[in-house]
Amino acid sequence: MAGRGRARGRWRLCPAGRDLSGDGGVRKEELRPGSGRAVPPAASVAVKYSGYLEERDEPFCTNCHSKFPRLMKLGRDITLAGLEIGLLTMKKGEVARFFFRPDYAYGRQGCPPLIPPDTTVAFEVELLDFIDSGECDAFFELTAEQQDTFPLQKVLKVANMEREFGNYFYRKQQFEAAKGRYKRAFSILGRSPSSEAERCQIDASKLLVLLNLSLTYLKLERPDQALAYGEKALEIDQRNAKALFRCGQACLCMSEYKKARDFLARAQHIQPFNCDINNEMKKLARCCKDYLEKEKEMCCKMFASLNSSSG
């Protein structure tokens with residue numbers, strides 16, 4: 001049985017690890033436990049990994065230099081059979097070492113010049129995050145007509161999953177990618193409700209996406225779009241403090257101080273002890289003061305110029 005471990009700074013074959021494949025071809029050593037449920041089939045995963053050959057200190061492949069590794073879809077973006085088997089046993093936050101015999105890695109031919117023929121390799125993997133994207137993928141493979149007849153509860157689930165993708169990219173400060181996911185979520189919520197109960201469910205899902213879009217456009221320094229999506233959110237819930245706050249922020253960015261004050265005052269009335277709202281009101285007051293001082297200075301210069309001309 002083949003496995004590997006470090007000894008004197010080198011990787012060496014050793015009979016270690018839990019047998020995941022039943023034939024000893026894929027073995028696992030847990031280095032740090034994770035939490036929650038294991039990765040489901042068809043998920044999209046964010047991992048850091050390094051692949052090693054025996055008796056080599058340096059990895060032949062790694063993505064550990066990347067601050068925010070891209071999401072990879074199981075069954076599509078991950079080509080090593082052993083790695084996919086291993087990932088399905090991992091939980092978020094887990095670090096594990098895997099050992100793959102050739103049949104579960106690069107085969108009898110290897111991958112010259114990096115991987116010699118018939119080679120067992122080791123991978124160290126950290127599971128940063130995953131999103132169960134199976135239902136989303138199945139939904140977007142349907143025709144438009146099929147999507148229209150999809151049960152509402154499943155549509156809402158798909159929209160929420162797309163929003164989760166957007167949240168993932170937002171946390172990684174990949175705001176363009178986040179915006180695209182939020183817009184895709186919003187696009188599938190345009191169906192006509194068949195009852196008041198359905199309308200409420202759709203509106204609740206829309207509201208979350210609109211608030212996300214408004215915030216993301218603020219991050220993209222597009223306050224006009226942030227305001228537009230914030231106002232769409234207010235059409236659903238005119239007393240939504242987050243929507244009022246986003247609109248106030250957008251107006252402040254555009255130096256529309258009167259509109260900013262109106263939105264922020266309404267938000268403050270609903271949530272008088274909200275620190276973010278109160279701090280934005282203070283920022284608005286400073287901006288107004290600076291604006292008035294600049295206006296006064298400009299007027300003084302203009303009148304001084306007129307007086308000197310008339311003299």
Side-chain angles (χ1 to χ4, degrees), residues 36-47 68-81 83-92 127-172 174-217 219-220 222 225 228-233 235-237 243:
R37 61 179 181 138
V39 173
S44 294
V45 298
V47 298
F68 301 124
R70 69 184 182 93
L71 283 172
M72 295 187 292
K73 174 78 174 170
L74 293 180
R76 185 184 67 197
D77 300 321
I78 296 172
T79 56
L80 290 189
L83 185 56
E84 185 150 343
I85 291 171
L87 284 167
L88 290 171
T89 70
M90 295 188 75
K91 299 177 180 179
K92 186 175 177 179
L127 179 62
L128 303 174
D129 207 349
F130 69 86
I131 300 174
D132 187 358
S133 54
E135 286 197 56
C136 284
D137 297 332
F139 178 82
F140 287 109
E141 287 174 2
L142 299 175
T143 64
E145 292 76 14
Q146 290 172 323
Q147 289 181 8
D148 287 340
T149 60
F150 216 59
L152 177 62
Q153 294 308 312
K154 289 192 175 182
V155 171
L156 294 175
K157 188 174 181 180
V158 170
N160 185 60
M161 194 59 61
E162 285 297 306
R163 190 171 67 85
E164 280 193 30
F165 270 108
N167 292 345
Y168 171 84
F169 289 122
Y170 182 90
R171 289 193 298 270
K172 306 304 180 189
Q174 298 174 14
F175 300 123
E176 281 290 344
K179 179 193 72 175
R181 289 292 188 166
Y182 292 142
K183 282 194 167 184
R184 193 153 86 146
F186 189 68
S187 71
I188 67 173
L189 294 169
R191 66 160 58 190
S192 299
S194 59
S195 66
E196 180 63 16
E198 282 197 1
R199 185 189 67 78
C200 289
Q201 287 180 299
I202 293 171
D203 281 351
S205 189
K206 276 184 177 180
L207 183 61
L208 294 173
V209 177
L210 289 168
L211 290 171
N212 288 147
L213 277 167
S214 184
L215 178 59
T216 302
Y217 272 110
K219 293 294 186 181
L220 289 169
R222 293 281 306 280
Q225 288 296 309
Y229 282 107
E231 289 179 326
K232 284 181 182 291
E235 290 174 9
I236 296 173
D237 180 5

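These values consider heavy atoms only, across backbone and side chains, with no hydrogens, waters or symmetry-generated copies. Everything quoted here is computed from the prediction, not taken from an experiment.
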Quick check for you: to the nearest 0.5 Å, what is the distance between Phe169 atom CZ and Arg171 atom CZ?
10.5 Å
Can you confirm whether more than 12 heavy atoms, excluding those of Lys73, are under 6.0 Å from its NZ atom?
yes
Spacing of Ile78 atom CD1 and Met72 atom CE [to the nearest 0.5 Å]
4.5 Å
First locate atom OG of Ser44, then atom CE of Met161, and finally report the distance between them rounded to the nearest 0.5 Å.
10.0 Å
In Å and rounded to the nearest 0.5 Å, what is the CG to CG distance from Leu71 to Asp129?
7.5 Å
Under 3.5 Å, is there a donor-acceptor pair between the side chain of Tyr182 and the main chain of Asn167?
yes
Which heavy atom of Phe130 sits nearest to which heavy atom of Ala38, and what is that distance?
CZ-O, 4.1 Å
Within the distance-only criterion (no hydrogens, no angle test), does the side chain of Ser205 pair as donor or acceptor with the backbone N or O of Ile202 below 3.5 angstrom?
no
Rounding to 0.5 Å, atoms CD (Gln225) and CG (Leu213) come to a distance of 9.5 Å
Atom NZ of Lys232 with >12 non-hydrogen neighbours under 6.0 angstrom:
no
Distance flag, aromatic centroids of Phe175 and Tyr170, threshold under 6.0 Å:
yes
Over all atoms of both residues, closest heavy-atom pair of Val158 and Ile188
CG1-CD1, 3.7 Å
For the residue pair Phe186 and Tyr229, categorise the inter-ring angle as parallel (less than 30°), tilted (30 to 60°) or perpendicular (more than 60°).
perpendicular
Distance in Å, Arg191 CZ paired with Leu152 CG, rounded so as to fall on 0.5 Å steps
5.5 Å
Is a salt bridge present between Glu196 and Arg199, judged by a nitrogen-to-oxygen distance below 4.0 Å?
yes
Do the side chain of Ser214 and the main chain of Leu211 share a donor and acceptor less than 3.5 angstrom apart?
no
Ignoring hydrogens and angles, tell me if any N or O in the side chain of Glu84 forms a donor-acceptor pair with the backbone of Leu74 under 3.5 Å.
no
